[in-house]
Amino acid sequence: MLVTRSWFTSGCWTKAKENGRIELIDGARLIALTREHLGKKVLIGGPAGKRGDRPATST
């Protein structure tokens, strides 16, 4: 399983489908899964500072 807070290119989706053992979870699906399974609404933040990673925050 590969998870990103952003998106995957069409080539990534194609390779994952061809492989059959890889599940891709993009930012939109991550938000939906968090709402469905944890009952939380989340906002996935953009880059912050030089390193760019900022955790998702719940509302």
Side-chain angles (χ1 to χ4, degrees):
M1 176 180 357
L2 298 175
V3 179
T4 182
R5 65 181 189 183
S6 185
W7 49 271
F8 295 100
T9 65
S10 61
C12 291
W13 291 106
T14 300
K15 284 292 184 187
K17 188 173 184 175
E18 288 171 357
N19 180 281
R21 294 178 53 190
I22 298 173
E23 181 177 357
L24 302 179
I25 299 176
D26 62 8
R29 184 150 179 242
L30 180 59
I31 290 170
L33 288 169
T34 302
R35 182 175 291 171
E36 178 183 347
H37 294 282
L38 301 177
K40 300 279 187 183
K41 292 182 180 179
V42 295
L43 173 65
I44 298 177
K50 293 180 184 175
R51 302 190 84 172
D53 290 334
R54 189 169 61 185
T57 57
S58 62
T59 58

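Side chains are part of it too, since the values below use all heavy atoms of this structure and drop only hydrogens, waters and symmetry mates.
If you take CG on L38 and CG on L33, they are separated by 9.0 Å, rounding to the nearest 0.5 Å. The distance from the CZ atom of F8 to the CG atom of D26 is 7.0 Å, given to the nearest 0.5 Å.
The nearest pair of heavy atoms linking L24 to C12 is CD1-O, 3.5 Å. Between V42 and T34, the shortest heavy-atom distance links the atoms CG1-CG2, 3.6 Å.
With sequence neighbours excluded, no residue forms a salt bridge (charged side-chain N to carboxylate O under 4.0 Å, His left out) with R35. E18 meets the salt bridge (charged side-chain N to carboxylate O under 4.0 Å, His left out) test with K15; sequence neighbours excluded.
Counting non-hydrogen atoms of neighbouring residues, nucleotides and ligands closer than 6.0 angstrom, the CH2 atom of W13 exceeds 12 such neighbours.
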